[in-house]
Amino acid sequence: MSRSLVNWFKYASPASFYPLAGRMIPYFAAAAAVLGLAGLWIGLLVAPTDAQQGEGYRIIFVHVPASWMSMFVYCVMAFWSALGLAFKTRLSGMMTAALAPTGALFAFLSLWTGALWGKPMWGAWWVWDARLTSQLILFFLYLGFIALQSSIDDPRRADKAGALLALVGVINVPIIYFSVQWWNTLHQGASVSMTKAPSMAHTMLAGMLLMALAFWAYTIAVALARVRCIMLERELSSEWVKRNATE
Amino acid sequence: MLSVTQLTCQRGERVLFQDLHFELPDAHWLQIAGANGAGKTSLLRILAGLTEPVQGTVLWNGVEIRTERSLWHRDLLYVGHQGALKEELNPEENLFFSLGLEGFGASPTAVRAALQQFGLQGREHLPVRYLSAGQRRRVLLSRLLLRPGRLWILDEPFTALDVHASQLMTQQIQHHLHQGGSAILTSHQPIPLSGGSCLTL
Amino acid sequence: MTFPHASPFILAIRRDLLLAARHKTEIVTALFFFVIVVNLLPLGIGPDTDLLRKIAPGALWIGALLATLLGLQRLFAPDHADGTLEQMALSPQSFTLLVAGKIVAHWLVSGLPVVLIAPILGVQFDLPGRSLGLLMLSLLLGTPILSLIGAVGAALTLGVRGGGALLSLLILPLYIPALIFGAGAVEADLAGLGAEGHFSLLGAVLLVSLFFAPWATTAALRVALE
């Protein structure tokens with residue numbers, strides 16, 4: 001127990017995490033490519049055509065996993081933030097900063113594919129559906145986080161302010177989601193649920209899970225690559241960066 | 001007694017000072033000297049507990065200042081160089097509120113007497129906006145009379161003061177030291193007080 | 001000037017109210033902004049009374065959001081600039097309590113006038129008397145939420161480049177629940193659905209913000225002061 005704790009804290013320092021991250025990136029990148037190709041193959045070629053929605057429904061193989069990831073990444077950011085505020089580990093702030101653009105990307109992807117799906121299904125690019133609206137707000141939260149972090153020059157302050165914002169956001173996300181749903185039912189707007197595909201065939205589920213795993217691997221690979229850049233930027237003057245540069 | 005061990009301060013990429021050690025016993029004072037940008041104000045802010053140092057500890061009577069914030073802040077009287085004066089309020093209101101927010105009451109007569117001692121009689125009801133830089137400093141220094149504190153941290157207390165006010169200031173510090181208090185100040189001039197030491201950053 | 005031992009919380013409120021009283025134009029400007037924004041909507045939409053009655057709660061609420069946002073930037077900035085905030089952080093009294101005092105003062109100065117003037121604007125939108133009362137009640141419960149959450153944003157963006165625009169980007173999404181429950185309460189009542197659910201949820205959001213916001217604001221201010 002105590003030994004694992006020691007190891008854990010060892011990797012919380014940038015100097016030892018940097019090479020570890022470097023070794024891990026290729027594996028996750030490869031996993032993302034393989035799983036993604038498999039998921040797309042099932043989604044686009046194997047899965048049966050939907051009786052009601054035709055071929056257009058196939059966009060859910062991107063849309064649904066992207067929505068899952070966008071929500072999940074925000075939770076992970078909040079987790080790193082809490083860790084950073086509690087234990088003052090330098091790595092936490094860097095991880096949060098590295099994850100934010102990927103989360104924003106997935107939120108945007110989810111909105112974009114949602115609109116593409118909506119046009120043939122409902123005849124409109126945008127409907128004020130509760131899920132779509134919450135997703136839009138989540139996208140705004142990501143943008144706010146990135147804007148706040150990038151407008152503070154001192155990295156220590158940027159990390160702490162970002163961490164506080166992420167925590168405030170994560171308390172708010174369920175409240176926002178609930179309030180939007182409440183608003184939606186009150187106004188009797190478009191109540192077509194996007195994830196309730198009429199009959200979820202096993203192949204469809206498999207395709208979606210593969211895509212979700214691919215997005216996971218992609219997120220990890222990209223976040224690690226980005227965190228390595230952030231580490232180099234921030235710790236330019238430190239010993240371990242100089243050692244790495246001369247190697 | 002204030003003890004500082006292994007203090008390191010970093011601003012952005014630049015390390016301002018490293019491994020700073022010193023102790024300040026009661027009834028002693030310390031002058032912090034150094035060129036502009038050497039980190040004098042940064043050091044004072046760390047000592048006050050506003051900034052977290054990259055490394056090192058600050059102990060007040062053997063207790064880490066951040067663990068017992070409210071005790072430490074009761075004993076500490078900090079006058080920064082921004083001054084914390086509201087331009088819209090007059091000196092009396094300024095003192096009344098700044099003492100009140102720290103939980104120290106002050107009677108109007110005591111406030112007036114302190115302002116008078118620093119030569120501000122007749123200006124108690126003038127908004128600070130209309131006071132000169134030196135007069136504003138004097139308002140701040142009146143706080144020293146009214147707000148009890150065992151350690152004074154004063155950032156450039158002699159700035160903008162004329163000869164007479166500087167003398168008053170020196171007397172004030174002397175009196176504080178006689179009563180067993182201690183003081184840390186930054187200044188570019190030599191200070192005519194005994195029992196002090198100097199730390200150059 | 002005869003309260004030598006008033007509580008620091010009360011003193012923090014009194015101090016900010018006194019300062020606000022010396023800047024009356026700022027309060028009046030924010031209130032005037034609220035009135036103008038709400039009055040512009042009919043001009044953009046057209047004088048259809050039925051439609052106006054329907055959008056009135058939303059219009060007034062959005063006006064209240066924007067008016068709050070206008071004053072938020074000055075919640076901590078002047079105190080930060082002249083070092084008062086530093087003195088508050090160094091006070092032996094609880095910093096959170098002093099910050100809470102400032103938030104209360106902000107609400108008294110920016111939220112309460114909006115609540116009081118709302119019925120007059122509601123009449124312009126032809127809202128019935130019952131709805132006017134509910135609108136005031138929803139704003140009475142909701143504007144403190146706006147001040148509380150706004151304070152967190154103001155503290156996070158204190159002294160940051162492009163603070164004003166950034167503040168809106170951070171805060172407006174977080175205002176959505178208050179907007180939905182607040183404006184929704186009046187709308188639900190107009191539609192004959194009953195507004196109790198909305199009010200209890202608005203109250204719950206208020207309690208959650210009361211619990212978290214002063215703490216988060218203080219933490220953000222300490223970061224800003226470093």
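By convention in this document, chain letters (A, B, ...) are assigned in the order of the sequence lines, proteins followed by strands, and residues within each chain are numbered from 1.
- Side chains of C:Pro92 and B:Trp72 form no contact here, defined as non-hydrogen atoms less than 4.5 Å apart.
- The pair B:Glu93-C:Arg14 does not meet the salt-bridge criterion, since no charged nitrogen lies less than 4.0 angstrom from a carboxylate oxygen.
- When atom types are taken as modelled, the side chain of C:Arg22 and the backbone of B:Glu88 share a donor-acceptor pair closer than 3.5 angstrom.
- Contact detail for C:Ser91 and B:Leu101: the closest heavy-atom pair is OG-O, 2.8 Å.
- In this structure, C:Glu226 does not pair ionically with B:Arg45, as no charged nitrogen and carboxylate oxygen lie closer than 4.0 Å.
- In this structure, the portion of B:Arg69 lying under 4.5 Å from any heavy atom of chain C is its side chain and not its backbone.
- In this structure, C:Leu18 and B:Phe97 approach most closely via the heavy-atom pair CD2-CE1, 3.6 Å.
- More than 12 non-hydrogen atoms from other residues, nucleotides or ligands lie less than 6.0 angstrom from NE2 of C:His23.
- Using a 4.5 Å heavy-atom cut-off against chain B, the contacting residues of residues 97-110 of chain C are C:Leu98.
- Contact between B:Gly103 and C:Pro8 at its shortest, heavy atoms only, is CA-CG, 4.5 Å.
- Contact between B:Tyr78 and C:Leu90 at its shortest, heavy atoms only, is CD2-CD1, 3.4 Å.
- Here B:Ser70 is the residue among B:Ser70, B:Ser42, B:Ser98, B:Pro127 with the most heavy-atom pairs under 4.5 Å with chain C.
- Scanning residues 129-161 of chain B against chain C with a 4.5 Å non-hydrogen threshold yields B:Arg143, B:Arg147, sorted by number.
- For the pair C:Arg222 and B:Leu50, the minimum side-chain heavy-atom distance is 4.5 Å or more.
- To the nearest 0.5 Å, atom CG of residue C:Asp82 and atom NZ of residue B:Lys86 are 4.0 Å apart.
- Residue B:Leu89 touches chain C through both its backbone and its side chain, counting heavy-atom pairs closer than 4.5 Å.
- Counting all heavy atoms, side chain and backbone alike, C:Gln87 lies closest to B:Val79 at NE2-CA, 4.3 Å.
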